[in-house]
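All residue numbers in this chain count up from 1 along the given sequence. Because only heavy atoms are used, hydrogens play no part in the values below, and waters and symmetry mates are left out as well, while side chains stay in.
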Amino acid sequence: MLRRLGRSQLSHFRFQSTLSLVGFNNKEVSVNLDGKSVTFKNTFLRDSCTSSESVDASTSQKLFTTAEAATDLSITKEPSVVDNKLKIQWSNNGKILNSTYSASFLKEYSTPAGPRKDLFFDNDRTLWDHNELISNLDSLHHDYEAYLNDEKTFFDAVFNMNKYGLCFIDNIPRPTLDKMNESNVSQWPVAKLAERFGYIRKTFYGSLFDVKNLKSEAKNLAYTNTFLPLHMDLLYYESPPGVQMLHAIDNSTLGGENIFCDSFLAAEHVRKVDPVAYTALTKIPITFHYDNNNEYYYYKRPLVIEDKDITGDFPKIHAINYSPPFQGPFEIGITKNDPAYDMFDDFIRGFQLFEKFINDPANHYEVKMKEGTCVFFENRRVLHSRNEFSDSNGGDRWLMGTYVDGDSLRSKLRIGYRKFN
């Protein structure tokens, strides 16, 4: 039975602090947080302890398991609130341990959505079309030297990546080398940009990759002068990279403009217009593969991967998977004895709505990137494309790219919010 504190005790705590103790037993502890009663499981509280007996001060790593925390666990005496912090003494596996929990920690974990606000910053994310991006374009451009050396500029770039999934770094000096290989990766500007906020994600293209017109030797459409449709990269990987960077070293050909599109806006459009079709886009997996140049990669995933924990008005979408050049045959919903047979028609309808939306220029940002500019974009949100180009004017086109995992982006975003917000 939960032991209730007396009215006089409650009044004392209520008027002295935003945090007060309501009651406790060996299964749970109840507190009053800003006038609202919240009950926590004791196992959660013990498991969250950050005392020196529980967490190593140097590594910040736990020194026990959750199963151990839940074994032979009891509260040895009545918890107290001191300096707006809840103090509990535990007996756990025959050991006496002391834990302290701030009011802010308890408030944060009082609802399932609480911890997310300092992890993903949903309220600072914005869907965009052509007009939205153009009206905020100046804020998306950052100077190369400032990005490398000024913490606030760096955070602004990371902030924009979270907000729009897109930003640009300008005034990059021309590389002093003329040929890239694995031994000189660190000397290229795009590598310096990438390593500012994460580890380069090496793929079978290498740590860095050149995007040039290789004509008959090309192993990828990107290495030709042919129109490249909107897509995302490496969706045939189990874990595709979260961020792509492309540095325009030479870009003087006719055409070759880069096109970007917010796939989340497109998916949200389908959800509003045809909810049944949208649901099918979250259920029917698309096969992606790369079978070329002595490599064979394969993975399948739906067009829309949702995240129901996203808060606020931003769509509850974790990632989009769209890359027509690397699609393989469908495997689900294609035969009549398949339970998803009827849903496949809904999927096709949703797929058509999605493609019509992303191919509308009103939803594009098209730019002929200046030489000395690098674009960063979220590979699981922002679709990218490139117009056909010609070197008949004697111009040249050389972009150098690399990938970074989205985890690195989100890590720097969280650290930046601690410093600047």
Side-chain angles (χ1 to χ4, degrees), residues 120 122 125 127-129 165 203 220-222 228-244 259-292 295-310 313-360 363-364 377-385 403 405-406:
F120 295 100
D122 300 322
R125 304 181 79 189
L127 296 174
W128 59 267
D129 57 9
T203 70
N220 188 305
L221 273 177
L228 187 64
L230 287 164
H231 68 285
M232 293 160 170
D233 281 13
L234 300 172
L235 296 184
Y236 39 78
Y237 273 35
E238 180 180 3
S239 179
V243 177
Q244 183 173 171
I259 300 169
F260 303 98
C261 178
D262 188 353
S263 70
F264 285 16
L265 181 67
E268 183 69 353
H269 168 74
V270 178
R271 187 188 67 81
K272 291 178 178 178
V273 170
D274 191 336
V276 173
Y278 173 83
T279 297
L281 295 181
T282 70
K283 302 293 186 182
I284 300 292
I286 303 169
T287 300
F288 298 100
H289 64 178
Y290 180 90
D291 186 5
N292 194 4
E295 301 282 358
Y296 189 7
Y297 287 80
Y298 165 94
Y299 208 82
K300 61 183 180 183
R301 40 182 37 107
L303 180 79
V304 180
I305 298 178
E306 292 191 311
D307 182 353
K308 298 296 187 181
D309 292 333
I310 290 174
D313 296 330
F314 198 77
K316 297 184 183 300
I317 300 173
H318 170 68
I320 298 292
N321 300 296
Y322 182 79
S323 191
F326 296 98
Q327 275 187 224
F330 285 94
E331 301 173 8
I332 304 297
I334 56 175
T335 58
K336 197 151 191 175
N337 61 349
D338 189 325
Y341 187 70
D342 292 334
M343 185 186 288
F344 191 82
D345 293 336
D346 299 328
F347 168 84
I348 291 299
R349 193 171 69 251
F351 211 63
Q352 290 170 329
L353 285 169
F354 181 86
E355 284 198 351
K356 182 177 180 181
F357 190 90
I358 65 173
N359 288 322
D360 185 343
N363 301 315
H364 293 172
F377 55 94
E378 275 198 276
N379 184 49
R380 308 301 299 284
R381 173 182 176 182
V382 175
L383 297 161
H384 64 289
S385 171
Y403 300 106
D405 283 326

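When all heavy atoms are compared, the tightest approach of I310 to P315 is CD1-O, 3.4 Å. Taking both residues in full, the closest heavy atoms of P302 and N321 are given as O-ND2, 2.8 Å, listed atom of the first, atom of the second, then distance. Of all heavy-atom pairs spanning Y236 and F326, the tightest one is CE2-CD2, 3.6 Å. Nearest heavy-atom pair, P285 versus I332, reported as atom, atom and distance to 0.1 Å: CG-CG1, 3.5 Å. The minimum heavy-atom distance linking P229 with P325 is given by the pair CG-CG, 4.1 Å. Heavy-atom minimum distance, K283 versus T279: CG-O, 3.1 Å.
Under a cut-off of 6.0 angstrom, the local environment of NE2 in H289 is crowded, with over 12 non-hydrogen atoms contributed by other residues, nucleotides or ligands.
R271 meets the side-chain contact (heavy atoms from CB on, under 4.5 Å) test with E268, Y278; sequence neighbours excluded. When the side-chain hydrogen bond (donor to acceptor under 3.5 Å, both in side chains) test is applied to K272, no partner is found at least two apart in sequence or on another chain. Residues forming a ring pair (Phe, Tyr, Trp, His ring centres under 6.0 Å) with F377 (at least two apart in sequence, or on another chain): F260, H384. In this structure F354 satisfies the ring pair (Phe, Tyr, Trp, His ring centres under 6.0 Å) test together with Y322, sequence neighbours excluded. Residues satisfying the salt bridge (Lys or Arg N to Asp or Glu O under 4.0 Å) test with D346, not counting sequence neighbours, are R349. Residues satisfying the side-chain hydrogen bond (donor to acceptor under 3.5 Å, both in side chains) criterion with D405, sequence neighbours excluded, are R201. With sequence neighbours left out, the side-chain contact (heavy atoms from CB on, under 4.5 Å) criterion links E295 to F204, Y290, Y297. In terms of the side-chain contact (heavy atoms from CB on, under 4.5 Å) criterion, residue partners of F120 (sequence neighbours excluded) are, by chain and number, R116, D122, R410, R414. Listed by chain and number, the residues in a side-chain contact (heavy atoms from CB on, under 4.5 Å) with L353 are V270, V273, D274 (sequence neighbours excluded). Partners of D309 according to the side-chain hydrogen bond (donor to acceptor under 3.5 Å, both in side chains) rule, which considers only residues two or more places apart in sequence or in another chain, do not exist here. Evaluation of the salt bridge (Lys or Arg N to Asp or Glu O under 4.0 Å) rule for R380 yields no partner, not counting sequence neighbours.
No side-chain heavy atom of F344 sits under 4.5 Å from any side-chain heavy atom of D338. No side-chain heavy atom of I284 sits less than 4.5 Å from a side-chain heavy atom of F351. Looking at heavy atoms from C-beta onward, D262 lies out of side-chain contact with N363 at the 4.5 angstrom threshold. Looking only at side-chain heavy atoms (C-beta outward), I320 and L303 come within less than 4.5 Å of each other. Annotation: side chain of M232 is in contact with side chain of S263 (closest heavy-atom distance under 4.5 Å).
Of the inter-residue distances, the one linking Y341 atom OH with K336 atom NZ reads 5.5 Å to the nearest 0.5 angstrom. Distance check, rounded to the nearest 0.5 Å: NE2 of H231 to CG of N379 gives 8.0 Å. We find the CD1-NZ distance between I317 and K308 to be 10.0 Å, quoted to the nearest 0.5 Å. The line from CZ of R125 to CZ of F314 is 4.0 Å long, rounded to the nearest 0.5 Å. Between the CG atom in N359 and the CG atom in L383 there is a gap of 9.5 Å [rounded to 0.5 Å].
In this structure, the side chain of R381 does not engage the main chain of G242 through any donor-acceptor pair within 3.5 Å. With hydrogens and angles ignored, the 3.5 Å screen pairs a side-chain donor or acceptor of T287 with a backbone N or O of P329. Side chain of K316 to main chain of E306: no donor-acceptor pair is present (N/O by atom type, distance under 3.5 Å, no hydrogens or angles).
Listed by first and then second residue, the salt bridge (Lys or Arg N to Asp or Glu O under 4.0 Å) pairs that reach into residues 322-333 are K300-E331, sequence neighbours excluded.
The closest side-chain donor-acceptor pair between D233 and Y403 falls under 3.5 angstrom.
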